[in-house]
Amino acid sequence: MPTTTLKLVTIIAEPVLEATITHDLERLGASGWSITEGRGKGSRGLRASDIPGSNIRIETIVSEPVAEAILRHAAEAYFPNYSVIAYLETVQVARGDKYV
Amino acid sequence: MPTTTLKLVTIIAEPVLEATITHDLERLGASGWSITEGRGKGSRGLRASDIPGSNIRIETIVSEPVAEAILRHAAEAYFPNYSVIAYLETVQVARGDKYV
Amino acid sequence: MPTTTLKLVTIIAEPVLEATITHDLERLGASGWSITEGRGKGSRGLRASDIPGSNIRIETIVSEPVAEAILRHAAEAYFPNYSVIAYLETVQVARGDKYV
Amino acid sequence: MDSILRTNLLSPIALAFALGIVARLIRSEFSLPKDIYAGISIYLLWALGLQGGIELHHAGFAGIAKPAAVTLLLGCVTPLTTYVVLRRLGGFGAADAAGIAAHYGSVSAVTFIAAQTFVKGMGTEAEGYMPTLLTLLESPGIHIALAIGAIQTGGKGRPTSEVLHEVLTARTMVLLVGGLIVGYLIGDRNWQVIEPFFNTKGAMFRGSLTIFMLEMGILAGARFADLKKVGPFLLAFGIVMPILHGALGVWLGTLAGLSAAGACVLGTMAASASYIAAPPAVRVTLPEANPTLYLTSALAITFPFNILFGIAIYYKIALALAPAAAALPATVVP
Amino acid sequence: MDSILRTNLLSPIALAFALGIVARLIRSEFSLPKDIYAGISIYLLWALGLQGGIELHHAGFAGIAKPAAVTLLLGCVTPLTTYVVLRRLGGFGAADAAGIAAHYGSVSAVTFIAAQTFVKGMGTEAEGYMPTLLTLLESPGIHIALAIGAIQTGGKGRPTSEVLHEVLTARTMVLLVGGLIVGYLIGDRNWQVIEPFFNTKGAMFRGSLTIFMLEMGILAGARFADLKKVGPFLLAFGIVMPILHGALGVWLGTLAGLSAAGACVLGTMAASASYIAAPPAVRVTLPEANPTLYLTSALAITFPFNILFGIAIYYKIALALAPAAAALPATVVP
Amino acid sequence: MDSILRTNLLSPIALAFALGIVARLIRSEFSLPKDIYAGISIYLLWALGLQGGIELHHAGFAGIAKPAAVTLLLGCVTPLTTYVVLRRLGGFGAADAAGIAAHYGSVSAVTFIAAQTFVKGMGTEAEGYMPTLLTLLESPGIHIALAIGAIQTGGKGRPTSEVLHEVLTARTMVLLVGGLIVGYLIGDRNWQVIEPFFNTKGAMFRGSLTIFMLEMGILAGARFADLKKVGPFLLAFGIVMPILHGALGVWLGTLAGLSAAGACVLGTMAASASYIAAPPAVRVTLPEANPTLYLTSALAITFPFNILFGIAIYYKIALALAPAAAALPATVVP
Ligand SMILES: Nc1ncnc2c1ncn2[C@@H]1O[C@H](COP(=O)(O)O)[C@@H](O)[C@H]1O
Ligand SMILES: Nc1ncnc2c1ncn2[C@@H]1O[C@H](COP(=O)(O)O)[C@@H](O)[C@H]1O
Ligand SMILES: Nc1ncnc2c1ncn2[C@@H]1O[C@H](COP(=O)(O)O)[C@@H](O)[C@H]1O
Ligand code: NA
Ligand code: NA
Ligand code: NA
């Protein structure tokens with residue numbers, strides 16, 4: 001089974017940021033994303049959600065340069081004022097050409 | 001802590017496919033799986049769920065050959081007509097002998 | 001974008017263990033965690049939840065030694081009597097210095 | 001405007017539905033939480049079943065044989081007419097035609113409830129065993145359409161038999177059939193205690209229904225963008241086919257001895273398209289069928305048409321066809 | 001069939017429960033959404049608390065001392081009898097015996113509600129302070145059983161004290177104790193406004209309860225497959241132990257001056273096994289206890305037995321034991 | 001204690017709210033499931049809208065012009081007073097001051113409902129068009145405060161216009177405005193059928209409100225730990241500012257010809273701080289504003305103050321200001 005090596009970027013953020021982040025992802029070149037709802041605890045706990053601790057996890061499979069751009073944008077635009085963490089890993093994607 | 005190196009296969013699919021996919025996973029040799037519900041956006045957006053955009057994420061920890069077989073099956077059986085993405089990564093599993 | 005290489009530890013467990021596990025994570029040096037709810041099937045199926053098959057996924061980004069300690073603790077304290085799986089992967093974290 | 005139509009359009013049900021559509025069109029993010037939507041539909045179906053059961057307990061099964069027979073007949077005819085019309089006149093492929101036929105051959109419980117509410121609002125009442133007929137019409141159409149589809153396309157999806165078990169044991173069937181049995185068994189004394197909560201004419205039932213219709217409007221409105229994709233034939237089909245099936249249902253119902261109210265409700269059932277049971281069944285058994293086609297026609301065309309106009313039309317047909325005596329309900333519920 | 005038993009078996013509660021079991025056995029995927037299940041149970045407990053509070057407000061605490069004392073006595077005795085029977089006669093290990101004892105030493109609120117509904121259906125009424133007794137019986141049994149278990153097994157789980165805080169501040173306790181206080185304070189004028197919504201004899205309460213019992217049936221039915229795993233001893237235990245505890249509860253209640261209805265409800269509480277508060281507490285403090293054993297016996301054996309048969313049996317015992325005068329409720333609620 | 005205050009404090013609403021706070025303070029894990037919380041608030045808003053619509057249908061728009069004008073005036077003044085007070089007297093930065101101003105310039109629907117319930121409990125009734133005023137007050141304050149904030153801080157967040165579309169089409173607005181229109185259109189015959197379910201004086205509405213207030217107490221209680229972080233100025237501000245805005249609202253309402261009950265409700269709206277619409281809007285447009293400040297003041301200080309004391313105070317002010325005639329409702333609802 002031939003697979004494509006791509007980057008999976010995960011962003012965990014306050015729910016209120018959903019529209020902002022997905023809009024930014026599209027602009028930066030992501031072809032899609034998946035979102036799950038959850039909760040968590042970190043060192044800062046800054047957030048405006050009605051349910052304390054709730055968050056969303058946004059994942060997107062992208063090429064390495066897009067992944068770089070997303071992490072850079074997250075660090076600049078979200079980190080200073082929002083509860084956000086972002087990380088990337090390498091994944092082998094079936095029919096991965098679709099995502100670049 | 002001795003760990004076993006295994007493959008984590010993730011399949012994100014329309015909710016309606018849950019029974020089909022878990023049945024196939026069992027047949028292909030997976031010893032178990034974990035499912036979370038979410039939503040997403042992709043390039044195709046083909047799906048029959050009543051709540052547009054909802055999806056399920058199925059993850060299974062398996063040996064490399066089983067992972068290969070699962071990706072191959074996904075590409076053949078699900079990709080042509082369903083909204084599905086599938087990818088794998090390498091993980092270090094505690095007491096991993098249980099999953100092979 | 002400079003990133004830090006860290007470990008992402010995932011523990012999938014019965015919901016009833018949430019307080020126990022997060023308490024242990026804190027004690028072992030994790031600076032935070034994220035939790036999502038899901039369901040699953042494994043080889044043992046031991047659990048006391050009212051909704052059969054429901055589980056929680058706890059993820060924490062930590063340094064390698066802390067990751068080791070968490071897996072070791074999971075194997076000792078949870079595996080013998082609970083439905084738990086635990087594994088780790090390597091991730092590139094933006095502003096990762098925050099988590100060590 | 002015609003007064004029956006006007007009454008229907010100004011009913012809380014139709015207005016709530018319209019509001020849901022508008023909310024969606026102005027891109028509001030409002031929607032009913034998933035569990036609340038499920039919770040209300042469980043309540044509505046359970047109430048419907050129980051009330052049907054207690055009415056069966058009163059009126060017995062006398063006179064149900066003929067209406068049941070024509071209902072099953074409708075369950076066999078409507079998927080076939082749909083399939084043939086789509087293939088011959090519409091030029092659709094086998095998978096798409098069979099997929100849509102499964103929807104129009106089955107029934108929408110919410111449209112049924114709206115019809116029941118409508119005839120009650122007209123001061124009349126359908127026969128007590130209508131929920132029984134609803135359960136009879138639920139699955140045959142899906143069965144027949146999927147079988148045709150599987151034969152014509154080579155059956156690449158999940159086996160039809162496996163999927164039919166899911167249709168037969170799904171929420172709608174458990175609550176309706178179960179409710180009928182429980183309602184039949186509990187007797188009047190027990191029923192009186194819980195009646196204000198479950199009476200399908202009552203404030204609780206009707207009030208919850210308005211909230212439910214809000215969400216139905218949102219779901220239908222969300223599919224409006226797809227109307228462009230389905231082409232003019234399916235647009236027309238989604239309105240004309242229900243009228244034909246509705247007229248057929250009313251006519252057969254009248255022949256079988258139903259009151260005008262009962263014939264209107266049966267016609268509505270025949271005219272309605274399933275959007276709960278059919279979509280997942282079609283999706284897994286006929287993977288090549290395009291979900292945009294069957295979901296858009298069932299949910300964004302036929303459902304709104306029936307709620308806003310169809311039911312009133314079928315009622316007028318029923319009045320026109322009814323012999324003087326049968327225009328009154330066959331069974332008077334105490 | 002005996003008429004009291006028959007009345008109970010044909011009640012909407014018992015039939016809805018049976019329907020849930022059947023739905024599960026025919027492998028229907030229907031179940032109540034998680035949040036709806038939680039929402040209904042919040043409503044039921046809150047209504048129970050409020051109604052208890054307003055009744056306390058009317059009748060005062062007069063005569064509550066003795067029933068409260070015997071309730072606490074039951075809370076201490078039932079975990080011990082359970083533990084001893086399981087270890088000596090059943091040959092169970094310390095962890096399993098203690099785990100099961102925590103369940104049978106505590107109380108099932110739904111079984112309590114079913115008993116309250118049953119005696120009201122019998123045209124009689126338990127004392128207004130019964131919800132107070134329920135809150136007294138909730139935690140001592142868990143406390144005692146977990147302490148025994150921790151001592152016998154070396155306490156490898158979470159410390160008992162920490163877990164007990166969770167039991168004492170859990171949903172059931174907040175809503176019952178809080179409802180009692182709020183109901184006591186608001187007075188009749190405020191109560192009258194909200195009474196139709198919360199009255200535990202009303203359509204809203206009874207109707208919601210039928211929907212809740214559907215899910216209880218599904219949950220119980222889902223454990224039926226495990227009946228094979230627990231062995232014949234636990235099967236018998238899950239029926240005989242409740243009868244013994246039930247008879248003891250009825251007898252002590254009668255001695256304490258409760259009416260037949262009140263004694264029946266107290267007996268039912270003693271007979272019932274907790275399946276909300278006890279399982280998580282046992283799981284984290286006694287990890288070695290096998291959850292299949294305690295969940296199956298509490299949920300798949302004792303709960304159905306009590307709902308379908310037990311309550312009627314305890315009522316008959318209560319009638320037999322009652323002095324002529326005490327068969328009437330001690331406090332007549334206006 | 002003063003009898004009006006006492007009546008309010010012993011109301012089911014206030015007591016349920018207090019219970020929620022206590023549950024949180026004893027670290028209970030009890031809370032309403034997310035979907036149930038959303039479901040109840042949808043029901044409450046929809047009922048409010050429908051009832052307002054039917055009352056508009058009866059009383060017409062006569063006399064609404066002046067109250068509407070003063071409501072819009074309050075929507076412009078209250079964010080400005082808040083902003084100026086916080087910057088000049090409180091020494092807050094532009095982002096924090098604007099963020100808090102968006103909350104106090106908008107309105108809390110739950111506080112509004114509590115005020116409506118309170119005046120009805122006093123045996124009087126506010127004008128039927130109050131829900132219309134609520135919709136007028138919802139967004140101008142947020143608009144103005146965010147515009148100030150964006151100008152002063154350079155607007156690093158999402159553009160205000162985009163976010164305002166979300167405020168205007170959010171759940172509260174859809175249900176209130178939509179409910180007003182639907183209620184206006186359906187007419188009395190339809191309303192009578194669903195009235196027991198939606199009547200804001202009825203058991204269903206008031207009963208559900210108590211459950212909702214439990215969760216409001218839990219949410220407020222969860223923020224109590226942050227009271228230490230906001231400093232003494234904001235603590236005082238969260239009580240004094242509502243009193244000033246409340247008095248202003250009552251005075252303007254009286255001038256505009258509202259009854260004492262109507263003036264009290266308008267004063268309560270002015271005094272209340274939004275905690276549903278404002279927080280997300282502020283969070284995304286003014287990222288530098290500290291959410292702890294605006295959430296704690298709105299939810300943990302002003303909301304409890306208004307529920308427990310404020311409403312009663314505004315009512316006393318309204319009684320004092322009311323000309324003899326206007327103390328009766330301007331429109332008598334049949
Ligand atoms: N070390 C960590 N591992 C996993 N998730 C984390 C970690 N730290 C923070 N988070 C997540 O990120 C969110 C925000 O963290 P913070 O900004 O530190 O409050 C938390 O609610 C968690 O869901
Ligand atoms: N690039 C991507 N990254 C992450 N998830 C994706 C991506 N593309 C698609 N998905 C997920 O896969 C589902 C189906 O995608 P599609 O078939 O392209 O509509 C979407 O709903 C997303 O949840
Ligand atoms: N091979 C696997 N891959 C992914 N998740 C698994 C696997 N095996 C077990 N699980 C998860 O771990 C939970 C407990 O497994 P077990 O203890 O084997 O019953 C299951 O409910 C699944 O969520
Ligand atoms: Na049909
Ligand atoms: Na017990
Ligand atoms: Na305000």
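Chain A is the first sequence line, chain B the second, and so forth, proteins listed ahead of strands; every chain is numbered from 1.
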Next item on the list: Return yes if some donor-acceptor pair links the side-chain N/O of F:Arg206 with the main-chain N/O of F:Pro12 below 3.5 Å, else return no.
Entry: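 Not a single qualifying donor-acceptor pair exists.
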Under 4.5 Å heavy-atom distance to chain F, tell me which part of [X] shows up: side chain, backbone, both or neither.
X        : answer
D:Ser208 : both
D:Leu19  : side chain
D:Leu214 : side chain

Next item on the list: May I ask you to check whether over 12 heavy atoms, not counting those of F:Glu162, lie within 6.0 Å of atom CD?
Entry: yes
Check each atom of [X] against the heavy atoms of chain D and say whether the ones under 4.5 Å are side chain, backbone, both or neither.
X        : answer
F:Ile36  : both
F:Met204 : side chain
F:Ile186 : both

Checklist line | Closest-packed option against chain F by number of heavy-atom pairs under 4.5 Å, given D:Val22, D:Leu32, D:Thr210 | finding: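 Winner by heavy-atom pair count: D:Thr210.
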Notebook entry, point to check: How many angstroms lie between CG in F:Leu146 and OG1 in F:Thr160, if you round to the nearest 0.5 Å?
Noted result: 5.5 Å
Check: Distance from F:Leu185 atom CG to D:Ser11 atom OG, nearest 0.5 Å?
Finding: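 Separation between the atoms: 11.0 Å.
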Next item on the list: Hey, can you tell me if F:Phe212 and F:Tyr37 have their rings parallel, tilted or perpendicular (30° and 60° cut-offs)?
Entry: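 Correct class here is parallel.
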Next item on the list: Fit a plane to each ring of F:Phe198 and F:Trp191, take the angle between them on a 0 to 90° scale, and name the class: parallel (under 30°), tilted (30 to 60°) or perpendicular (over 60°).
Entry: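 F:Phe198 vs F:Trp191 ring planes: parallel.
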Notebook entry, point to check: Counting heavy-atom pairs under 4.5 Å to chain D, which of F:Asp35, F:Asn190, F:Ile194 comes out on top?
Noted result: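 Answer, by heavy-atom pair count under 4.5 Å with chain D: F:Asp35.
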Item checked: For chain D, the option from F:Leu175, F:Leu50, F:Ile181 that forms the most heavy-atom pairs under 4.5 Å ->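 The answer is F:Leu175.
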Notebook entry, point to check: Do the ring centers of D:Phe205 and F:Phe197 come within less than 6.0 Å of each other?
Noted result: no
